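Heavy-atom basis, side chains included; hydrogens, waters and symmetry copies ignored. Quantities reported herein were computed from a predicted structural model and do not represent experimental measurements.
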Amino acid sequence: MHAPAGDTGKPPPPARPRPSAADVVGSVLENSPDIIVRYDLELRRIYANPRFEELNGLKPEQYLGRRLSEVSRMGGLAERLEQCMRRAIETGQLQELDFEWRTVDGRMLWHAVRITVERDAEGKPASVLTIATDITARKRAEAALATREREFRLLAETSPDFIIRYDVQARVRYTNPAFLVHLGRPAHWFIGLTPAESALPGHEATMAAYEAVLRDVLSSGEPAQLELVLPAPNTAGGTETHHVRIVAIRGEDGRIEGALGLARDITQGVEQRERIRALALSDPLTRLHNRQALHDYAPGLIAEAQRHRRRLGVMILDIDRFKDVNDSMGHPLGDELLREVAQRIAGCIRSSDLLVRLGGDEFAIVATNLEDDLDMAAIAGKVERALFAPMQLGGRQLVVSASMGMALYPADGALLEDLMAHADAAMYHAKRGGGSRYAFYRSEFSERARERMALEQALRAAQHGEGLELHYQPLVALDEGRRIVGAEALLRWRHPERGLLAPDRFIGIAEDTGLIVPIGGWVIDEVARVASRWNAGRLTSGQPPLRLSFNASTRQFLRDDLPAVVNAALQRHGCDPRWLTMEVTESLLLEDSDSVRDALRALGAIGIEIAIDDFGTGYSALGYLSKFDVHCLKVDRVFVRDIESDPRQAELVKAFLAIARALNLRVVAEGIETEAQAAFLAGQGCRLAQGYLFCRPVPRDEFEQRLQA
């Protein structure tokens, strides 16, 4: 026979005997972390578990048969425990007591003791059992919690901030004194009510919105922050702004039990913030709104015009020739001019309109509630008349004009950016027309503006000479058979796409952008190079040298070390300074500034001749001719053109020649186109002339051929 599977053939081990109930109880008592002691009815110890011996440092022979009051480490506490045990025997009821005591190793522990009476089979009291559980951790946690509660209450009661506790229904359960004192209300005004229910008169909507945020915190558990406007005490209708933070209060199980609101008065901070914002939106020079304010406020004005189906106008205003005034009279007086202009424009608009300074000499007006185009034209007319009234600055009387461009909503655009761009295009159209006028936007202006921007970008690439050329118009001696004695160098720009451009296509852009300074530097260098090249051969052949003239911008005088630039070009190319003439406009003389006077004096010291170009067309102030180092006058073509038909023009030219002779200045007549003009000028003693009669401006190679002919 085979043994069944799993049968090893060995007899099974004998079964363990089950422990008795007494054994189990004994094991529990011996290993319990609680202190377990049994007393007889005389309150003498008859049993104590090892935990008792460990914490008390006693052996059985030291404590068995002895009362607690006889042998213990508890001092007066022992008597309280014995009283509890007697009460348990007398009443048969459970007695409980929490106590703190010092163990044999010096530790202070808290125990919670439960005292019960054990009875015999007949139900009579037989002994007293005490079980003391260590509750030190709980007591310390409770103490820490109590400390935190005291600290919180102390903080809440003394804090100047508002502290409010809400239950899960958003009802107020606690408010600190600062809140009550500030609002001048007793606690019962708020306790048990929601924020909306306890809102002060006039603040119902604010508190309803606050309660909505509070309920969202109670629902989501996510903290929230907001600024709340509350009534200010001791003021008639005054308010204060408080920063409020609301956080959820959670129980030990993580569930939301309420919320805590903390509010701090930030009124001064808000006022400071508003002051900073006002400064950020204000132009410090004129106290008008600035460009940022335009972008902040104008979209709202456009939206309002859209809602009410009303027209709105945007005007951009640019002061004519402000750069000349600012550079010539100095920045302080230029700033004073801008302030005066700002005040005059402000007096021309309505309270509902927005006036801003865009920067530099540009202003913008957003005019609301327009009935038709004539309303915008009327504003422009008022501004024009206000600016035209003479103003006194730095002891001088000035008359200011402006170029204005206007675009209308909704005809010219629905967005601020479009209206600004179109108004800007119209303004440039007005400026190109001579300034001192206004223009409404037309679609073709945008194309011109885009063309101008494209030219500016290309000109930046060409500013150091790439694509720039000089053409030369001969200067002839009328009394020497019209021999070529010099030339005027005239700038041209060979645009990569548009071909050869005359100065009127790009010089204005160069002036506006400041590119005229590097371009002017290139012109000076090129003229010095060509003059040195041409005159080197003439000197060796015994011919008199040619004098080349070139134009210099006012900006070059005021934004660059012009004498140093000229001197460097002379040194670089070995050019004699007597071969060059620098032409400047009359407006430069009017500047009467130290920088201009010093630059002209330095150029004269180098040996550069200074000529007044287009003499008689600008702000002629003949007294300046004696103050500056000027050597030559160039009579403008507008006077030469009509000397045959207009006696007054002829007399003016005679006067110019007389002035030049009196001051020992050379004279060049420009724009000679007829033999009669040449004969008249020669007859009046004018030796030098240039014009189409003799030759148009030509490239360098062609001019050199004429010299050799």
Side-chain angles (χ1 to χ4, degrees), residues 10-147 252-253:
K10 296 181 180 180
R16 286 185 181 181
R18 294 182 62 184
S20 65
D23 291 337
V24 173
V25 171
S27 177
V28 171
L29 293 176
E30 293 297 308
N31 295 286
S32 174
D34 296 337
I35 300 173
I36 302 174
V37 183
R38 179 176 284 123
Y39 299 86
D40 61 19
L41 298 181
E42 297 298 325
L43 305 185
R44 296 185 179 87
R45 299 185 186 93
I46 55 178
Y47 169 80
N49 70 341
R51 183 64 170 165
F52 170 85
E53 296 176 355
E54 175 190 345
L55 296 180
N56 283 276
L58 297 174
K59 296 180 179 180
E61 60 269 22
Q62 293 176 300
Y63 63 80
L64 289 179
R66 309 289 293 273
R67 289 190 176 91
L68 189 63
S69 57
E70 295 173 345
V71 178
S72 86
R73 305 184 58 80
M74 296 184 177
L77 183 59
E79 295 181 2
R80 290 182 58 196
L81 285 171
E82 288 182 347
Q83 290 176 1
C84 289
M85 287 188 281
R86 292 190 185 97
R87 193 176 304 114
I89 296 171
E90 293 171 357
T91 63
Q93 296 177 350
L94 174 68
Q95 302 294 312
E96 294 181 312
L97 179 67
D98 294 349
F99 62 90
E100 185 182 28
W101 66 294
R102 187 181 300 276
T103 65
V104 67
D105 57 6
R107 289 180 296 158
M108 297 299 296
L109 299 181
W110 275 92
H111 279 78
V113 64
R114 293 167 59 88
I115 305 172
T116 59
V117 177
E118 298 177 304
R119 299 181 182 276
D120 58 17
E122 297 179 358
K124 296 179 180 179
S127 59
V128 178
L129 184 66
T130 63
I131 302 175
T133 301
D134 190 341
I135 60 169
T136 303
R138 191 190 80 193
K139 282 292 187 179
R140 287 175 179 169
E142 290 175 351
L145 181 62
T147 299
E252 294 183 358
D253 57 1

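- Side-chain contact check for N56 versus V71: every heavy-atom pair is 4.5 Å or farther apart.
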Table please: side-chain donor-acceptor pairs of residues 139-147 below 3.5 Å, with sequence neighbours left out.
unit_1	atom_1	unit_2	atom_2	d
E142	OE2	R138	NE	3.4
T147	OG1	A143	O	2.8
T147	OG1	R150	NH2	3.1

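- Annotation: side chain of E53 is not in contact with side chain of K59 (no heavy-atom distance under 4.5 Å).
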Residues 109-117, side-chain donor-acceptor partners within the protein, below 3.5 Å, at least two apart:
unit_1	atom_1	unit_2	atom_2	d
W110	NE1	E100	OE2	3.4
H111	ND1	W101	NE1	3.2
R114	NH1	E96	OE2	3.0

Name the atoms and distances for all side-chain donor-acceptor pairs under 3.5 Å in residues 122-132, with sequence neighbours left out.
unit_1	atom_1	unit_2	atom_2	d
S127	OG	E118	OE1	2.4
T130	OG1	V37	O	3.2

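- At a threshold of 4.0 Å, the pair E54-R51 counts as salt-bridged, since one of the basic side-chain nitrogens sits closer than that to a carboxylate oxygen.
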_As a quick check of understanding, evaluate side-chain hydrogen bond (donor to acceptor under 3.5 Å, both in side chains) for Y39 and E82, giving each step before the final call._
CA-CA 10 Å; Y39 299 86; E82 288 182 347; over 6 Å; no

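- Residues R44 and G65 come closest through the heavy atom pair CD-O, 3.3 Å.
- Considering every non-hydrogen atom in both A78 and S69, the closest pair reads CB-CA, 4.0 Å.
- At a threshold of 4.5 Å between non-hydrogen side-chain atoms, the residues T136 and M108 do not count as touching.
- Residues in residues 121-141 take part in no ring pair (Phe, Tyr, Trp, His ring centres under 6.0 Å) pair, two or more places apart or across chains.
- With sequence neighbours excluded, no residue forms a side-chain hydrogen bond (donor to acceptor under 3.5 Å, both in side chains) with E79.
- Applying the side chain to side chain contact (heavy atoms under 4.5 Å, CB included) test to S32 and every residue at least two apart in sequence or in another chain returns D34, I36, N49.
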